[in-house]
Amino acid sequence: MKPANVTPRGFLRLLLPAAVLAIAVGTWEIYVRAAAVPPYILPAPSLILWTMVADWPLLSASLLTTLKTTLLGLILAVVGGVALAVLLSLSRIVEYSLYPFAVVLQVTPVIAIAPLLLIYMPQDAAVLACAWLVAFFPILSNTMLGLHSVDRNLLELFELYGTSPLQTPWTRFRARLRALWILRRPAALPAFLTGLRIAGGLSLIGAVVAEMAAGSAGAGSGLAYRIIESQYRLNIPRLFAALVLLALTGVIVFLLLSAFAHFLLRRWHESALAREA
Amino acid sequence: MTEAVPPLVCLQGVTKVFASGVTALSDLDLDVRPGEFLSLLGPSGCGKSTALRIIAGLAHPTSGSVAWPGAAAQDHRGEIGFVFQEPTLMPWANVADNVWLPLRLRGVSRRDAAGSIADALALVGLEGFAATYPRELSGGMKMRVSIARALSLKPRLLLMDEPFAALDEITRFRLNDDLLRLQGELGCTVVFVTHSIYESAYLSNRIAIMSPRPGRIVAEIEGAARNERGTDFRTSARYAELCRRISRQLEAPIAGASS
């Protein structure tokens, strides 16, 4: 796999966006200097970088807070989403009674729930709940899709060899559990990982939204709160610095989850195969 | 001699009506004799696969009965190997683990199954591929894995649902020969669903011809005996004559239906 990535094409795919970024940042810097734009309107990239270094103790603490919320929200979403998906796949009755509510929860814009959560929960818990809420649904729906996408013939093989001749509710339930473990679990893995990648980004968005809602109420210390606070104080360079850190966090979360997905699927799944020339 | 040995499976008056109202099989009578290679031949949609699924116990007849006269046990699923039209392998598991599946479902651990897995892979000529993943195999090799999986339980009855229909002719011919060799070595009974006249004539001891919907057996033709099939069987006059007889029988019910 490794040598395939160091082909001229792979190199170009890194070089081109890097060049675009360098040109854009360079143009920005030159424009700000040439037109003498005041930093409270548009700070130069160099100033943003300098602010990031100077304010690092403050910003890194905020970054850590947001990161913690994002990751914890994601982990809880994985636990909850997978558990519920498994439950729903085991029983039609449970699926029919609960799934609509999961959808309602998803289609309601979280920013509208955030103020409510802040009333009923302590600040940290409310922010976490927000991150969890938005990250939860893609995991649930993708995992459910995956659990249902087992080859029908494989399920028939399962029926042929796996079930006991005694058909009691208990043996049927046990057979379903085994099918879940042996067939549905690996079959669901690709779809689950897709959901996980989406959920990683959404969890960060949920954390930011909740922090903003909480921040306007006067408390909090995450990166989104820093952005609001910097805006009130017209400390625009710091606002930009916090924004850059948020963007980097999003990119890193996405890359890590993609690498994780690739690692798990590298042996067998089409999406993880290197294309032969 | 055939009268002395009871049939392995006996379908009597089997009718299958699907929930949609479609009658797939109507009053089907069929005996599967031990050790034979029986082909179910008919146009697509004539209920061949349904008949096979009913023998396997995967579907239940609306009326009629399926009996195993020679056996005391009620549950025959452990004696059956089933091969689908598609290889139906688990893409996330390597060849050995795919072959392990029926044994695993029967509660055999991977370590205890190692011998059976190796035997089954050797039977289909895939000794060196235990650790390979399905995506790295050709269509014919995937089908070999699928057959190895069906053989891993050493079934008395091998049910095959158009297993080679999706393969190219060269691969199909080779697998046909391998299948005959396997049956000779294992002595198992094979029920083989196909819509190919030539395949059924080449492989079978007996060919049951089915009419289109609703499916019924309209004729049975004795195929070639095992010792008749030499290397030149495909080009022999006996083979050509069999093909001719089969296709005439196949045309008969269609002509009858259209007149």
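Letters go in sequence order (proteins before strands), and every chain restarts at 1. Since the structure is predicted, the reported quantities are computational estimates derived from the model, not experimental observations.
No donor-acceptor pair closer than 3.5 Å links the side chain of Arg267(A) to the backbone N or O of Asn94(B). When atom types are taken as modelled, the side chain of Arg178(A) and the backbone of Leu105(B) share a donor-acceptor pair closer than 3.5 angstrom. A donor-acceptor pair is defined here as one N or O able to donate and one able to accept, closer than 3.5 Å; such a pair exists between the side chain of Tyr161(A) and the backbone of Ile80(B).
Note that CZ of Arg185(A) is 9.0 Å distant from CH2 of Trp92(B), once rounded to the nearest 0.5 Å.
Both the backbone and the side chain of Phe82(B) come within contact range of chain A, judged by heavy atoms closer than 4.5 Å. For Glu136(B), no part lies near chain A; criterion is any non-hydrogen pair under 4.5 Å.
Between chain B and the residues Leu157(A), Leu189(A), Asp151(A), the most heavy-atom pairs under 4.5 angstrom are made by Leu157(A).
Closest of all the heavy-atom pairs between Ile182(A) and Leu101(B) is CG2-CD1, 3.8 Å. What you find for Trp268(A) and Pro91(B) is that their closest heavy atoms are CB-O, 2.9 Å.
A heavy-atom distance below 4.5 Å is found between the side chains of Glu156(A) and Arg53(B).
Counting non-hydrogen atoms of neighbouring residues, nucleotides and ligands closer than 6.0 angstrom, the CZ atom of Arg104(B) exceeds 12 such neighbours. Annotation: Arg181(B), atom CZ; neighbour count of heavy atoms from other residues, nucleotides and ligands within 6.0 Å is above 12. Heavy atoms of other residues, nucleotides or ligands lying less than 6.0 angstrom from CZ of Arg110(B) number more than 12. Within a 6.0 Å radius of CD1 in Ile93(A), no more than 12 heavy atoms belonging to other residues, nucleotides or ligands are found.
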